[in-house]
There are 2 protein chains.
Amino acid sequence: MITIKDVAREAGVSVATVSRVLNENGYVGEETKKKVQKAMNTLNYSPNEVARSLYKRESKLIGLLLPDITNPFFPQLARGIEDTVNQSGYRLLLGNSDEELEKELDYIQTFVQNNVVGMISATNHVDQNIYDALQIPLVLLDRTTDQYPSVYSDGREGGRLAARTLIEKGAKRITLMKGPAHVKPAQDRFKGAVDVLSETDIDFSVLATTSYSFEDAKGWAEELFQKYPNTDGVIASNDIVGIAIIHEALRLGKRIPEDLQIIGYDDIPQSSLSYPPLSTIRQPAYEMGQAAAELLLQTIKKEPGVETTIEMPVEFIERDTTRKE
Amino acid sequence: MITIKDVAREAGVSVATVSRVLNENGYVGEETKKKVQKAMNTLNYSPNEVARSLYKRESKLIGLLLPDITNPFFPQLARGIEDTVNQSGYRLLLGNSDEELEKELDYIQTFVQNNVVGMISATNHVDQNIYDALQIPLVLLDRTTDQYPSVYSDGREGGRLAARTLIEKGAKRITLMKGPAHVKPAQDRFKGAVDVLSETDIDFSVLATTSYSFEDAKGWAEELFQKYPNTDGVIASNDIVGIAIIHEALRLGKRIPEDLQIIGYDDIPQSSLSYPPLSTIRQPAYEMGQAAAELLLQTIKKEPGVETTIEMPVEFIERDTTRKE
DNA sequence: TTGAAAGCGTTACCAA
DNA sequence: TTGGTAACGCTTTCAA
């Protein structure tokens, strides 16, 4: 390993001087600077971030905690974050929590132990004061409270929008899928939909689902039609489930959207590839990731006047599982 | 920040002793040990990994380089890796290369600068000797050469299997999609399919695609039917494209699998949710991740007799885009 | 404008 | 069985 000492020796100066040209601070003569840079090049030197981090008590690492990157919504978030923090030279330490408190705690500890400059967390356990003692900039993403800077999309409005749209388009017997109880955004959109449905004379039923996974999606779809065979409008808990429902409905010989309308949630990339393409409520995942990263970066730089809460808009994407008229 | 010094003071011993109980090596009296552990608990101490890493010249971090986590094949790989390295206390530094050499180099530098114990890379640039100078255990994943320990699935056989299956099931005018030229596994499966097709009297055409992205998938599907409207069997470059083709075929009024059979590649989770469910060649992504992680762990521990190359089997998953009998 | 040296939090060697 | 201390690679203060 090439260290700053090697460079200093090669250039015939002290390590202090090398450090100065490395960090572009302090006085360094033009001549010396060139000598040092030349030495760095010939030795192909690159500074040890660990040593830097130890001294500064701060690394160039950012901790990212996600529920499960296998759920297609999260990779987009992650890319939004990665692409923007990279521009400032930061890198990501990634953890999947599987919504488990213990894993979350473990990862937080890892982040702290590695002197991350900041963390971004999409978690359900904020209320448990896990993050309070930490002296590290934190941005909450997707899952939110008002205790910390947060970026989220307007789930309540998303739910309302889904319900309103379905009603407008003539659904009469709506089934509303409720996502996992411990997942806050799932509850928001659920409540939003209930808000709207309650104000109408339309019949609706609620089907509780307790996971978002691919494996289970098919099961929820089957359960849906067993319990509510006559439903003509479904508000799915997310796109994955929405796609599973399309599938099951087609299998049962229902025509979409004539007999049955479906609205998904998220607008994951594959939802435009379903057949028929899934109408859905879009959350701008990549942009949310970007926004969270920017917020974190600002907090790290202690920029003043940082908006501490950013609500991203939600949008109805009309495709072919809802009626046109 | 609580340091080892604080613990030492609290317990009334030296830092050396604390370090010994921390690492469970060296002699420590029972009594002393208890005192120290108590002090650690009351102070809620957890060791600074950065300092450790500096001294040991080795962190508990593993660098993971993926092309793009937004492609559903990779999150599975990543989870397989994460879940297994976590068991040994390692954490992941994640980078997406977008198949760009420069990003790849940047991430490798980051990994080195952070003293990672090892790296796992799914990359196309091995041949450029990027990794040669590194004195860090490396496992190649999915994209492979024989210069390094690798885990990959048998792409050649996958291609053959796809072609054989389609022929068996009666396709007469096969279209073979060729993935991006610089992506090695894509070429393997392509060659495998050509191997088989060339030996038969069946007509086939080749459609070159230059990306795997969702956005482009629809375009490839349209191009396919413009150029080869009469094809009755498609070997898609991956499941995403496969699903896009289903979609386009249905839009054009083709019956699947009667008029057109389709075989995908990868078996990403959403391929069972397409309509009709996509028949495909499965790569065991999660298991590949596990295997790569285990290989890396063994290399790190310098375990003897490590198989340096692991070829994972590929499998035809029969669903509804191929004919039954 | 430069260099010497202390210090960041650990570990491991050597001495006691 | 324990403690003192050098060392890991770097940054920064202080003095020259």
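Below, chain A is the first sequence line, B the second, and so on; all start at residue 1. The model shown is predicted, which means the values in this text are computed figures rather than measured ones.
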Q | Side-chain ion pair, B:Arg9 and B:Asp6, N-O less than 4.0 Å | A | yes
(Q) Is it the case that over 12 heavy atoms from other parts of the model lie below 6.0 angstrom from the NZ atom of B:Lys33? (A) no
Q | Any side-chain donor near an acceptor of the partner, A:Thr84 and A:Glu294, under 3.5 Å | A | no
**Q.** Length of the CG-C1' vector between B:Leu43 and C:dG9, whole Å
**A.** 15 Å
Q.
To the closest 0.5 Å, what do you measure between CD (A:Gln37) and CG (A:Leu22)?
A. 10.0 Å
(Q) So for atom NZ, which belongs to A:Lys5, do other residues, nucleotides or ligands contribute more than 12 heavy atoms lying within a distance under 6.0 Å? (A) no
Q. Nearest heavy-atom pair of B:Tyr131 and B:Thr123: which atoms, and what distance?
A. OH-CG2, 3.8 Å
Q: For nucleotides 8-16 of chain D, just jot down a letter per nucleotide in 5' to 3' order: B, S or -, based on protein non-hydrogen atoms under 4.0 Å.
A: BBSBBB---
Q) Within this structure, what is the CD-to-C1' distance between B:Glu24 and C:dT11, rounded to whole angstrom? A) 15 Å
Q) A:Lys35 has an atom NZ; how far is it from atom P of C:dT1, in whole Å? A) 14 Å
Q) What integer distance in Å separates B:Tyr27:OH from C:dA16:P? A) 19 Å
